[in-house]
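So the structure is just underneath, and the comments pick up after that.
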Amino acid sequence: MDISQIRKDTLHCEDKLFLNSAGASLMPRVVIQKSHEYLLEEEKLGGYKVAALKGDEIDGFYSETAKLLNCRADQIAFAANATDAYSKALSAIPFKENDVILTTDDDYVSNHIGFLSLQKRFGIQIVKAQNTEDGDLDLTDFENKIKEHAPKLVAVTHIPTNSGLVQDVESIGSLCQKYEILYLVDACQSVGQIPVDVQKIKCDFLSATGRKFLRGPRGTGFLYASDKILQSDLAPLFMDLRGATWDQRDHYEIMKTAKRFELWELPYPFVIGMREAVKYANDIGLEAIEERNQQLLDRLSENMKVINGIVRYDRGSVLSNIFTFRKAGVSKEQMIGHLDTHKVFYSISQVDNARIDFEKKGIDWAVRISPHYFNTFQEIDQFCEIVASVS
């Protein structure tokens with residue numbers, strides 16, 4: 001990995017301590033360039049003509065994303081964001097009263113809101129598996145709850161937005177395959193940060209966003225759909241001419257590919273930008289990115305251990321590059337003012353972003369930082385010095 005070149009490709013990474021890739025990362029220059037070039041072509045020729053001329057380049061989004069996930073291009077649908085993709089997957093499942101969704105305490109806030117909405121409308125049940133003492137998902141309890149409740153859907157977030165925990169989505173996938181249960185994975189914080197292989201996970205749906213560790217534009221994401229989904233009649237509740245063909249007055253034919261989960265009107269400049277972001281990650285290689293990220297995380301973890309008063313809130317046997325913490329005696333307002341003064345880019349996780357997890361931890365906020373492979377060890381050291389100096 002050529003860090004020097006990567007940082008040259010990442011404009012404006014030198015004038016700040018950017019540690020918020022779990023929020024919205026810095027995009028490689030080529031992402032902006034290609035999106036801008038496409039938009040300028042639309043200015044000259046109009047959107048319809050440019051889309052017709054750039055069909056192969058647009059198709060590159062699907063092939064690059066398929067390469068990223070180890071699947072086929074026809075199993076990928078573009079989405080406006082991870083929640084858009086996730087909601088379309090949920091809407092494709094014909095829930096009825098007393099159907100069960102089996103999930104975890106560590107799923108994303110928007111996913112929980114979606115489950116509660118389904119509960120309110122259809123009377124479904126929401127069951128949560130337990131965690132072990134070290135914070136991992138209790139797979140024995142998970143299987144027991146599958147046997148007890150026969151869930152219609154298993155839904156798990158790979159890496160929660162509020163914690164560095166990496167959940168064992170592959171073992172869960174094996175259980176779902178064993179008991180023939182639909183399986184939905186939220187990978188919005190894992191795609192682009194670590195390798196994600198849908199063949200190993202054995203999921204039926206996987207949703208992700210572009211703006212986080214993939215370093216794509218805001219307003220981009222995707223949904224993966226397995227062959228089991230594509231060979232069935234499962235489709236989102238509302239489709240248009242992109243997802244189906246109106247073949248008779250009183251009938252429509254569902255698109256055979258994952259494009260059944262798209263709408264006809266797509267933001268093609270962003271589709272092109274997303275293609276470039278995925279290609280950039282593919283060209284570097286997710287194994288190399290994961291290795292570099294682990295080195296940065298190790299450096300950060302060791303440095304933070306020796307700072308007086310630091311309490312880290314990430315629990316689990318496998319942790320990712322999301323690091324949440326507070327410093328004893330330092331209020332949220334003090335921490336925000338100190339980090340802002342030193343041009344640190346970060347996020348504050350609030351209790352309403354992770355109510356179950358934060359209530360178990362007895363906190364209502366935490367600082368969340370998320371270094372990525374374009375960061376340097378010197379930046380990690382500098383950040384830790386800044387944290388050490390706040391009081």
Side-chain angles (χ1 to χ4, degrees), residues 6 9-13 18 20-39 54 57-71 73 75-89 108 110-111 157-161 185-196 198 205-225 258-259 261-263 265-286 289-290 293 320-322 345 347 370 372-374:
I6 287 169
D9 294 340
T10 308
L11 300 182
H12 309 296
C13 70
F18 190 90
N20 198 20
S21 287
S25 192
L26 297 179
M27 291 176 282
R29 178 169 45 187
V30 66
V31 173
I32 302 298
Q33 286 178 333
K34 294 297 184 180
S35 295
H36 190 217
E37 289 169 5
Y38 191 99
L39 199 58
K54 302 284 188 178
E57 294 181 39
I58 292 167
D59 287 344
F61 159 74
Y62 302 94
S63 58
E64 285 291 342
T65 306
K67 180 180 177 182
L68 182 77
L69 299 182
N70 188 25
C71 65
Q75 296 175 303
I76 299 297
F78 180 86
N81 50 63
T83 303
D84 176 45
Y86 199 91
S87 298
K88 287 176 178 175
Y108 183 52
S110 294
N111 303 346
T157 295
H158 195 179
I159 298 176
T161 194
V185 174
D186 178 345
C188 71
Q189 295 288 15
S190 55
V191 168
Q193 181 185 175
I194 61 176
V196 175
V198 293
F205 290 112
L206 184 140
S207 62
T209 188
R211 64 181 162 86
K212 297 179 184 287
F213 288 97
L214 265 178
R215 307 179 65 197
R218 296 197 73 175
T220 61
F222 60 80
L223 178 68
Y224 157 82
K259 288 181 180 178
F261 293 95
E262 295 182 349
L263 295 177
E265 186 59 42
L266 295 179
Y268 285 112
F270 282 1
V271 175
I272 293 295
M274 181 66 159
R275 179 202 68 191
E276 291 301 321
V278 178
K279 184 178 185 301
Y280 195 89
N282 282 336
D283 287 348
I284 294 173
L286 267 298
I289 290 173
E290 179 183 39
N293 281 344
S320 70
N321 275 42
I322 295 176
F345 284 58
S347 285
S370 44
H372 205 10
Y373 62 91
F374 58 80

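Computation of the quantities below employed the complete heavy-atom set of this structure, encompassing side-chain atoms and omitting hydrogens, waters and symmetry-equivalent molecules. Nothing fancy with the numbering, it's 1 onward along the sequence.
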Closest heavy-atom contact between [X] and [Y]?
| X | Y | result |
| --- | --- | --- |
| Ala187 | Ala208 | O-CB, 4.1 Å |
| Arg275 | Phe61 | CG-N, 3.5 Å |
| Ala24 | Phe18 | O-CZ, 3.1 Å |
| Ile194 | His158 | CD1-CE1, 3.9 Å |
| Leu26 | His12 | CD1-O, 4.5 Å |
| Gly273 | Ser35 | CA-OG, 3.2 Å |

How long is the straight-line distance from [atom2] of [Y] back to [atom1] of [X], given to the nearest 0.5 Å?
| X | Y | atom1 | atom2 | answer |
| --- | --- | --- | --- | --- |
| Leu223 | Phe261 | CG | CZ | 6.0 Å |
| Ile272 | Lys34 | CD1 | NZ | 9.0 Å |
| Ile6 | Ile284 | CD1 | CD1 | 4.0 Å |
| Asp84 | Thr209 | CG | OG1 | 10.0 Å |
| Glu276 | Asp283 | CD | CG | 9.0 Å |
| Lys212 | Ser25 | NZ | OG | 10.5 Å |

(message) Using a 6.0 Å cut-off, check whether atom NZ of Lys259 has over 12 heavy atoms from anything other than its own residue.
(response) yes

(message) Is it the case that over 12 heavy atoms from other parts of the model lie below 6.0 angstrom from the CZ atom of Phe270?
(response)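 No, the 6.0 Å shell around CZ holds no more than 12 heavy atoms from other groups.
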
(request) State whether the side chain of Ser370 and the backbone N or O of Asn321 hold a donor-acceptor pair below 3.5 Å, judged by distance alone. (result) no

(request) For Thr65 and Tyr62, indicate whether the former's side chain and the latter's backbone hold a donor-acceptor pair under 3.5 Å. (result) no

(request) Would you sort out whether Arg215 and Thr10 count as a side chain to side chain contact (heavy atoms under 4.5 Å, CB included), showing the intermediate values? (result) CA-CA 10 Å; Arg215 307 179 65 197; Thr10 308; 2.6 Å; yes

(request) Apply side chain to side chain contact (heavy atoms under 4.5 Å, CB included) to the pair Cys188 and Thr161, showing each step before the final yes or no. (result) CA-CA 8 Å; Cys188 71; Thr161 194; 5.7 Å; no

(request) Could you give me the CA-CA distance, side-chain angles and deciding distance for Tyr280 and Val31, then say whether side chain to side chain contact (heavy atoms under 4.5 Å, CB included) is met? (result) CA-CA 9 Å; Tyr280 195 89; Val31 173; 5.8 Å; no

(request) Compute whether any side-chain donor of one residue and acceptor of the other, for His372 and Ser21, lie under 3.5 angstrom apart. (result) no

(message) Checking Glu64 against Asn282 for the side chain to side chain donor-acceptor pair (under 3.5 Å) test, could you report, in this order, the C-alpha distance in whole Å, the side-chain angles of both residues, the deciding distance, and whether it holds?
(response) CA-CA 8 Å; Glu64 285 291 342; Asn282 282 336; 2.8 Å; yes

Side chains of [X] and [Y]: does their closest heavy-atom pair fall under 4.5 Å?
| X | Y | answer |
| --- | --- | --- |
| Ile289 | Phe213 | no |
| Ile58 | Tyr38 | yes |
| Val185 | Phe205 | no |
| Ser320 | Gln189 | no |
| Tyr86 | Ser110 | no |
| Leu214 | Thr220 | no |
| Leu286 | Leu68 | yes |
| Glu290 | Pro195 | yes |

